[in-house]
Amino acid sequence: MRLAKIFLAVVLTIFIFVPAQASADATTVILARHGETPYNKAKRYQGHLDIPLNEVGIKQAKLLAKSLKDYPIDVFISSPLSRAYVTTETVAKAKGMTIAYTDDRLKEIDYGDWSGEFISDLKEKYPEEFKLWQERPWLMNFPNGENLRDMQYRGRTALEDAVAKYPGKTIFIGAHSFINATIICSVLGLDTEHFKQIRQNNTCVNVLRYEDGVWQVVLLNSVAHLGSLTLDTGVMK
């Protein structure tokens with residue numbers, strides 16, 4: 001049954017997404033998550049809310065920038081939300097570069113009425129919906145917000161457009177936890193049912209490679225630049 005679901009997800013992905021044009025050279029995408037914010041620390045949903053980095057997040061961004069200072073990157077793209085933008089800008093500035101453009105499609109999931117809420121409060125206010133979100137999140141439609149499938153589609157199309165625009169280049173994309181996870185699921189041919197299996201720590205680095213019409217995940221959720229193994233279990237966006 002699981003194999004059948006995965007096969008169906010692959011088929012749907014083929015029909016939904018138009019792959020970027022194949023080029024003689026591989027295109028590399030460094031897909032990163034933003035640094036820590038006060039809402040991450042307090043376990044509050046932020047989604048489309050424009051919450052800035054806290055002191056820890058700024059330090060994480062600087063460590064990420066230091067680790068990539070000598071790595072060849074051709075272009076920087078970011079979510080317009082400041083926590084992702086400042087993280088991306090910090091890396092770009094360390095290389096004497098600027099962000100080429102922001103893309104609204106790279107924003108985190110829109111929690112709608114849940115935006116700004118504490119997890120502990122949501123358990124009391126929306127017990128049935130919260131249970132669904134925890135156990136079968138791919139079925140959840142946030143009130144006055146969106147669902148995982150819609151977010152995955154916009155994120156994947158943003159990725160495809162970037163690769164089509166800069167074939168054979170190395171592209172840095174600064175975004176968010178769940179949008180990153182669903183993008184990675186998508187390039188692997190997986191539906192949103194599997195997105196919680198893709199961990200995304202603050203300022204983590206994922207490396208995706210596109211060549212001859214095939215996507216590969218080269219590196220996943222690396223936080224080696226932070227100087228220690230990260231074992232926290234929080235996945236707040």
Side-chain angles (χ1 to χ4, degrees), residues 1-20 29 31-34 44-50 77-81 83-84 102-117 119 122 126-164 173-201 204 206 208 210 213-217 220-221 234-237:
M1 178 64 72
R2 180 166 292 276
L3 287 175
K5 287 183 178 179
I6 292 176
F7 176 76
L8 179 58
V10 172
V11 172
L12 287 174
T13 300
I14 291 172
F15 281 100
I16 291 174
F17 299 111
V18 178
V29 176
L31 181 64
R33 186 192 175 193
H34 62 78
R44 296 177 69 178
Y45 285 118
Q46 47 195 351
H48 278 199
L49 297 180
D50 199 3
I77 302 168
S78 177
S79 156
L81 297 176
R83 57 190 183 272
T102 61
D103 193 327
D104 284 347
R105 295 172 296 178
L106 294 171
K107 286 182 178 180
E108 186 55 287
I109 193 167
D110 184 358
Y111 285 110
D113 295 347
W114 287 25
S115 300
E117 294 278 4
I119 291 182
L122 286 171
Y126 306 93
E128 293 184 7
E129 293 88 345
F130 189 80
K131 187 173 187 293
L132 178 66
W133 173 235
Q134 294 301 305
E135 297 179 359
R136 292 182 294 170
W138 58 93
L139 298 179
M140 181 67 180
N141 286 287
F142 290 101
N144 295 312
E146 64 180 339
N147 57 49
L148 288 169
R149 187 177 293 278
D150 290 342
M151 177 183 62
Q152 183 186 54
Y153 180 79
R154 62 176 168 82
R156 177 64 185 274
T157 54
L159 175 70
E160 294 286 349
D161 287 350
V163 172
I173 296 178
H176 308 264
S177 176
F178 283 179
I179 186 75
N180 287 2
T182 55
I183 286 174
I184 293 168
C185 280
S186 179
V187 301
L188 290 173
L190 301 175
D191 200 353
T192 53
E193 181 178 347
H194 302 273
F195 93 104
K196 280 195 174 181
Q197 295 173 257
I198 308 295
R199 290 278 300 138
Q200 294 290 279
N201 290 98
C204 71
N206 310 281
L208 312 178
Y210 182 79
V214 177
W215 281 100
Q216 293 180 327
V217 176
L220 182 65
N221 195 39
V235 291
M236 295 298 295
K237 283 65 58 210

Practice problem: Describe, in one word, how the ring planes of Tyr111 and Phe142 are oriented to each other, choosing from parallel (under 30°), tilted (30 to 60°) and perpendicular (over 60°). | Solution: perpendicular

Quiz item: Is the backbone of Asn201 close enough, under 3.5 Å, to the side chain of Asn221 for a donor and an acceptor to pair up by distance?
Solution: yes

Quiz prompt | Any residue meeting side-chain contact (heavy atoms from CB on, under 4.5 Å) with Pro137, in chain and number order, not counting sequence neighbours | solution = Trp133, Leu148, Phe195, Lys196

Self-check item: Minimum-distance pair of heavy atoms, taken over all atoms of Leu106 and His176
Solution: O-CD2, 3.2 Å

Quiz item: Any side-chain heavy atom of Arg156 within less than 4.5 Å of one from Val187?
Solution: yes

Practice problem: Considering non-hydrogen atoms only, spot the tightest contact between Ala84 and Gly174 and give its length. | Solution: CB-O, 3.8 Å

Quiz item: Looking only at atom types and distance, does a side-chain atom of Asp110 sit under 3.5 Å from a main-chain N or O of Glu146, one as donor and one as acceptor?
Solution: no

Self-check item: Closest contact, heavy atoms only, Ala175 versus Ser79
Solution: CA-CB, 4.4 Å

Quiz item: Taking the side chain from His48 and the backbone from Glu108, do they hold a donor-acceptor pair closer than 3.5 Å?
Solution: yes

Quiz item: Any idea which heavy atoms bring Pro80 and Asp104 closest together, and the distance?
Solution: CG-OD1, 3.2 Å

Self-check item: Minimum heavy-atom distance between Gly116 and Leu49, given as atom pair plus value
Solution: N-CD1, 3.5 Å

Exercise. State, to 0.1 Å, how close Ile109 and Arg154 come at their nearest heavy-atom pair, and which atoms those are.
Key: CA-NH2, 3.7 Å

Exercise. For the pair Ser186 (side chain) and Thr182 (backbone), establish whether a donor and an acceptor sit closer than 3.5 Å, ignoring hydrogens and angles.
Key: no

Quiz item: Got Gln152 and Trp138 here, is their nearest side-chain heavy-atom distance under 4.5 Å?
Solution: no

Quiz item: So, do Trp114 and Leu122 sit near enough that their side-chain heavy atoms are less than 4.5 Å apart?
Solution: yes

Exercise. With sequence neighbours left out, write down each residue that passes side chain to side chain donor-acceptor pair (under 3.5 Å) with Asn144, or none if nothing qualifies.
Key: Asp113

